[in-house]
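Data first, discussion second: the structure below is written as structure tokens.
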Amino acid sequence: MPVKSVAAVHRLRLVSGPEGLSFLLLLVCSVLKRTTSFNAVPVMGTVHGVLFILYLVFLVQAYQARRWEPKRGLLLFVLSVLPTGGFFAERMLAKEERGELDGAAPAVA
């Protein structure tokens with residue numbers, strides 16, 4: 001697996017967990033905004049927005065570098081818009097890095 005390909009998948013994996021967590025925190029902040037006087041939605045919205053954009057940029061880079069099938073790219077995109085999907089994406093990408101997914105070669109040779 002070329003180094004560029006490994007780096008692209010690694011970056012995507014590193015941002016997928018925080019993106020998923022920021023989405024959950026944004027949902028919690030949204031509920032708190034409506035039920036209490038606490039309003040962290042502007043801050044969490046910005047944090048989540050930046051992480052989501054990074055996720056999409058890294059997803060496109062990994063998709064191109066790894067030459068994934070469109071189905072795989074679509075699955076990773078759908079996971080990014082589900083509240084806990086980022087955690088599932090992170091686990092799937094970690095397996096790919098270790099070479100345990102789809103018969104991929106290990107990232108470290």
Side-chain angles (χ1 to χ4, degrees):
M1 181 181 334
V3 174
K4 185 177 179 181
S5 174
V6 172
V9 172
H10 186 70
R11 281 191 306 266
L12 179 59
R13 183 180 68 81
L14 288 179
V15 80
S16 63
E19 189 273 334
L21 179 61
S22 72
F23 191 10
L24 291 175
L25 290 174
L26 179 59
L27 293 175
V28 168
C29 289
S30 187
V31 169
L32 289 175
K33 175 184 175 182
R34 286 160 179 77
T35 58
T36 68
S37 61
F38 182 74
N39 183 12
V41 171
V43 173
M44 274 315 302
T46 302
V47 169
H48 174 66
V50 167
L51 288 170
F52 182 71
I53 290 169
L54 282 173
Y55 183 91
L56 292 180
V57 168
F58 294 157
L59 175 59
V60 169
Q61 289 175 349
Y63 178 82
Q64 291 172 342
R66 296 283 301 173
R67 295 187 179 113
W68 284 330
E69 295 180 12
K71 182 174 78 172
R72 182 161 180 82
L74 183 61
L75 172 64
L76 287 167
F77 173 74
V78 168
L79 287 174
S80 75
V81 297
L82 297 175
T84 57
F87 304 115
F88 292 104
E90 192 278 330
R91 290 178 71 192
M92 185 169 52
L93 293 164
K95 284 183 179 181
E96 180 162 335
E97 277 190 308
R98 292 189 305 264
E100 298 171 7
L101 196 60
D102 297 331
V108 180

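- Counting heavy atoms from C-beta outward, R66 and R72 have side chains that stay 4.5 Å or more apart.
- Nearest approach of H48 to S22, heavy atoms of both residues: ND1-OG, 2.9 Å.
- Looking at F87 and L21, their side chains come closer than 4.5 Å, going by heavy atoms from C-beta outward.
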Do F23 and L82 pass the side chain to side chain contact (heavy atoms under 4.5 Å, CB included) test, and can you show the C-alpha distance, the side-chain angles, and the key distance before you say yes or no? CA-CA 9 Å; F23 191 10; L82 297 175; 5.8 Å; no
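- Connection of V31 to L25 is not established within any shared hydrophobic cluster, with ILVMFWY side chains joined at heavy-atom distances below 4.5 Å, either directly or through further cluster members.
- Both V47 and V81 belong to a common hydrophobic cluster when Ile, Leu, Val, Met, Phe, Trp and Tyr are linked at side-chain heavy-atom distances under 4.5 angstrom.
- Using a 4.5 Å heavy-atom threshold, the side chains of M44 and K33 count as separate.
- A heavy-atom distance below 4.5 Å is not found between the side chains of V60 and L56.
- Atoms CG and CZ, from L32 and R34 in turn, are 10.5 Å apart once rounded to the nearest 0.5 Å.
- When hydrophobic clusters are built by joining Ile, Leu, Val, Met, Phe, Trp and Tyr residues whose side-chain heavy atoms come closer than 4.5 Å, directly or via intermediates, F38 is not grouped with L26.
- Using a 4.5 Å heavy-atom threshold, the side chains of L76 and F58 count as separate.
- The minimum heavy-atom distance linking L59 with W68 is given by the pair CD1-CZ3, 4.1 Å.
- For the pair S30 (side chain) and L27 (backbone), a donor-acceptor distance under 3.5 Å is absent.
- In terms of heavy-atom proximity, Y55 sits nearest to V15 at CA-CG1, 3.7 Å.
- To the nearest 0.5 Å, the span separating CG on L51 from OG on S16 amounts to 10.5 Å.
- Of the residues R11, R13, R91, the one that meets the salt bridge (Lys or Arg N to Asp or Glu O under 4.0 Å) test with E97 is R13.
- Rounding to the nearest 0.5 angstrom, the gap separating the CD atom in E90 from the CG atom in L79 is 12.0 Å.
- A62 and L12 get closest at one heavy-atom pair: CB-CD2, 4.1 Å.
- Annotation for F88: atom CZ does not count as buried by contact number, only 12 or fewer foreign heavy atoms lying within 6.0 Å.
- Under a hydrophobic clustering in which Ile, Leu, Val, Met, Phe, Trp and Tyr are joined whenever their side-chain heavy atoms come within less than 4.5 Å, directly or via other members, V57 and V9 fall into the same cluster.
- Among all heavy-atom pairs drawn from Y63 and E69, the shortest one is CE1-O, 3.7 Å.
- Residues A40 and C29 share a closest heavy-atom pair of CB-SG, 3.7 Å.
- I53 and F77 fall within a single hydrophobic cluster, where Ile, Leu, Val, Met, Phe, Trp and Tyr are joined by side-chain heavy atoms under 4.5 Å apart, directly or via other members.
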